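See below for the structure under consideration.
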Amino acid sequence: MLRFLTAGESHGQAELAILEGIPVGLSVTEEIIQKDLDKRRGGAGRGGRGLIEKDKVKILSGVRLGKTIGSPIALLVENSDFQNWKVTMSVHPPSEQTSHLREVSNPRPGHADLAGALKYGFSDIRNVIERSSARETIMRVAIGSICRRFLSEFNIQIDSRIIRIGKMEIPDNSQIEEIIIRALKKKDTLGGVIQIIARNVPPGLGSYVHWDRKLDGLIARALMSIPSVKAVEIGDGITNAGKFGSQVHDEIYYDEKYLRKTNHAGGLEGGVTNGEDIVCRVYHKPLSTLGNPFNTINLQTKKSVKAVVERSDICVVPRAGVISEAMIAFVLSDVLLEKFGSDNLNDIKKNYQNYLRRIKI
Ligand SMILES: Cc1cc2nc3c(=O)[nH]c(=O)nc-3n(C[C@H](O)[C@H](O)[C@H](O)COP(=O)(O)O)c2cc1C
């Protein structure tokens, strides 16, 4: 139903996206998208890039007079840093200016550098770094913002909070900066855990019928695709594995609608929403660009050297929640469109209300 593509290199001219499948009649403005992009830009643990980029979004198509018109929505964010990288990132064949450019040859363990260079046969790892960079997630946030706008028409809300930075539980956000500064002083990096919750999700989204339509699988895939996410947990999945069944399952009762006493399942049973909040956690690894770089092998000489040190963040967790929210918003929008129709927002709302009447919510 819904699909998107992104394009753009980290220091290229711009980041771009095309989103297809949003129904007609949804109010969308650049200001709404901008609010989410600003959340991704800020936060402790950010490297120098955050000071350079303004991340201003432009809607190029698919919206007329503030409302979607059913055609693909094209989005653009220009990279300000391109001005400093014009020669390196030129799209033109090598010139005298570019022939002296130094190739990046010392891959970072933990990044896509070596695997990407081997896969495509690059001697210059810059070709890998530019696209594997998480700068691309800016377009996912922009896409997610439009999807959240759509979901809000059905009163579905998505938010997130930080659970851990490194080993430290984070009850409130006040200690985050201090923990990250400590890592920075050690020239090290940190990962952490973020919890994402989608509220007011109706039961019956997704499917138990085929493996590739199960919503837990679709959500896990979408979240795992975020750079540096190395594990996804649905509900209390990780702790549940060590408990008895009697401690884990969520008893059903009825009070004008079907409800649960607990929500250990995280709102999903059999790959279908059960009407409780969808609760997920993403586990981000510590970033792999280290101030004290690891040993690696130079691609040309095959000798042991230190890995390249690119300008880098220390910890992405403070600003990565909005990326997970975006990916879940996209997946939920897709399954909602699948169930209730896809062309016209008013038609979809009517179908939605009929369904709620049938299941008596
Ligand atoms: C918002 C965000 C910013 C990131 N910034 C950096 C960074 O500055 N330095 C770095 O080494 N990795 C950074 N990463 C992680 C890398 O992009 C990621 O580890 C790398 O592409 C390899 O992919 P993988 O970790 O998913 O295997 C960032 C990730 C996110 C989500």
Side-chain angles (χ1 to χ4, degrees), residues 6 8-12 15 17 36-53 55 77 79 81 85 104 106-120 122 125-145 160 162 165-166 176 180 183-184 186-194 196 220-232 280-294 296 306-328 330:
T6 68
E9 280 78 40
S10 178
H11 301 95
E15 301 294 327
D36 283 337
L37 293 187
D38 291 345
K39 281 194 214 161
R40 181 193 166 280
R41 205 164 72 90
R46 179 93 217 250
R49 187 80 189 263
L51 302 171
I52 298 171
E53 299 296 342
D55 295 347
V77 171
N79 291 323
D81 213 9
W85 284 71
V104 179
N106 303 338
R108 291 162 298 175
H111 236 282
D113 300 2
L114 179 60
L118 294 176
K119 176 176 168 66
Y120 287 110
F122 293 137
I125 296 168
R126 170 73 41 216
N127 291 330
V128 180
I129 298 176
E130 284 296 323
R131 182 63 189 164
S132 65
S133 156
R135 176 111 186 109
E136 180 262 355
T137 59
I138 194 167
M139 288 337 264
R140 303 207 210 178
V141 172
I143 297 289
S145 189
S160 63
I162 298 167
I165 303 259
I176 292 176
I180 291 175
L184 171 70
K186 288 193 209 157
K187 291 195 165 187
D188 220 325
T189 61
L190 282 169
V193 183
I194 299 172
I196 310 101
R221 173 188 165 183
L223 294 177
M224 278 296 284
S225 76
I226 298 171
S228 79
V229 169
K230 292 294 140 191
V232 175
C280 309
R281 283 180 211 100
V282 287
Y283 292 71
H284 285 264
K285 75 183 187 188
L287 301 181
S288 43
T289 307
L290 299 173
N292 287 324
F294 265 24
T296 188
K306 293 289 175 194
V308 63
V309 183
E310 286 275 303
R311 181 179 51 202
S312 181
D313 299 338
I314 303 300
C315 178
V316 298
V317 174
R319 66 195 181 94
V322 69
I323 306 170
S324 285
E325 291 172 30
M327 292 311 287
I328 290 194
F330 172 76

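Predicted, not measured: the structure shown is a model, and the values here were computed from it. Remember, it's 1-based here, ligands and their atoms both numbered in the order they're listed.
- Contact annotation: for Thr189 versus ligand 1, there are no heavy atoms closer than 4.0 Å.
- The closest non-hydrogen atom to atom 28 (C) of ligand 1, taken over Pro227, Ala112, Ala134, comes from Ala134.
- For atom 6 (C) of ligand 1, the choice among Ile314, Thr137, Val141, Leu287 with the nearest heavy atom turns out to be Leu287.
- The two atoms that bring Ala17 and Ile143 nearest to each other are CB-CD1, 3.8 Å, heavy atoms only.
- Residues Ser160 and Glu325 have side chains that bring a donor and an acceptor to within less than 3.5 angstrom of each other.
- Remark: the Arg281 side chain and the Ser324 side chain contain no N/O donor-acceptor pair separated by less than 3.5 Å.
- Ligand 1 lies out of reach of Ala320, whose nearest heavy atom is not under 4.0 Å from it.
- Taking distance alone, with nitrogen or oxygen atoms compared against 3.5 Å, Ser132 approaches ligand 1 more closely than that limit.
- A salt bridge does not link Asp81 to Arg135: none of the charged side-chain nitrogens sits closer than 4.0 Å to a carboxylate oxygen.
- In this structure a side-chain-to-backbone donor-acceptor pair under 3.5 Å is present from Ser225 to Ala222.
- The contact set between ligand 1 and Ser312, taken as ligand atoms under 4.0 Å from a residue heavy atom, comprises 7 (C), 8 (O), 9 (N), 10 (C), 11 (O).
- Counting heavy atoms closer than 4.0 Å to ligand 1, residue Asp313 contributes atoms from both its backbone and its side chain.
- Under the 4.0 angstrom criterion for non-hydrogen atoms, Arg319 is in contact with ligand 1.
- At least one donor-acceptor pair under 3.5 Å links the side chain of Thr189 to the backbone N or O of Leu287.
- Taking a cutoff of 4.0 Å between a charged side-chain nitrogen and a carboxylate oxygen, Glu15 and Arg140 do not qualify as a salt bridge.
- Here atom 20 (C) of ligand 1 lies nearest to His111 when heavy atoms of Arg140, Arg311, His111 are compared.
- In this structure, the protein non-hydrogen atom closest to atom 22 (C) of ligand 1 is Gly110 O, 3.8 Å.
- Remark: distances from the non-hydrogen atoms of Arg135 to ligand 1 are all 4.0 Å or more.
- Between Pro318 and Ile176, the closest heavy-atom pair is CG-CG2, 3.9 Å.
- With hydrogens left out, the protein atom closest to atom 1 (C) of ligand 1 is Ile323 CD1, 3.7 Å, a heavy atom.
- Of all non-hydrogen atoms in Leu190 and Gly166, the two that sit nearest each other are CD2-CA, 3.9 Å.
- Distances below 4.0 Å separate heavy atoms of Val316 from the following atoms of ligand 1: 2 (C), 3 (C), 4 (C), 5 (N), 28 (C), 29 (C), 30 (C).
- Of all atoms in ligand 1, listed by their number and element, those nearer than 4.0 Å to a heavy atom of Thr289 are 9 (N), 10 (C), 11 (O).
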Derivation of the side-chain contact (heavy atoms from CB on, under 4.5 Å) call for Leu290 and Lys187: CA-CA 7 Å; Leu290 299 173; Lys187 291 195 165 187; over 6 Å; no
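- Of the protein's heavy atoms, Ser228 N, 2.9 Å lies nearest to atom 26 (O) of ligand 1.
- Residue Lys285 approaches ligand 1 through these ligand atoms, each under 4.0 Å from one of its heavy atoms: 19 (O), 24 (P), 25 (O), 27 (O).
- No side-chain donor-acceptor contact under 3.5 Å links Ser288 and Arg108.
- Of all the listed residues (Glu136, Lys230, Arg49), Lys230 holds the heavy atom that lies closest to atom 24 (P) of ligand 1.
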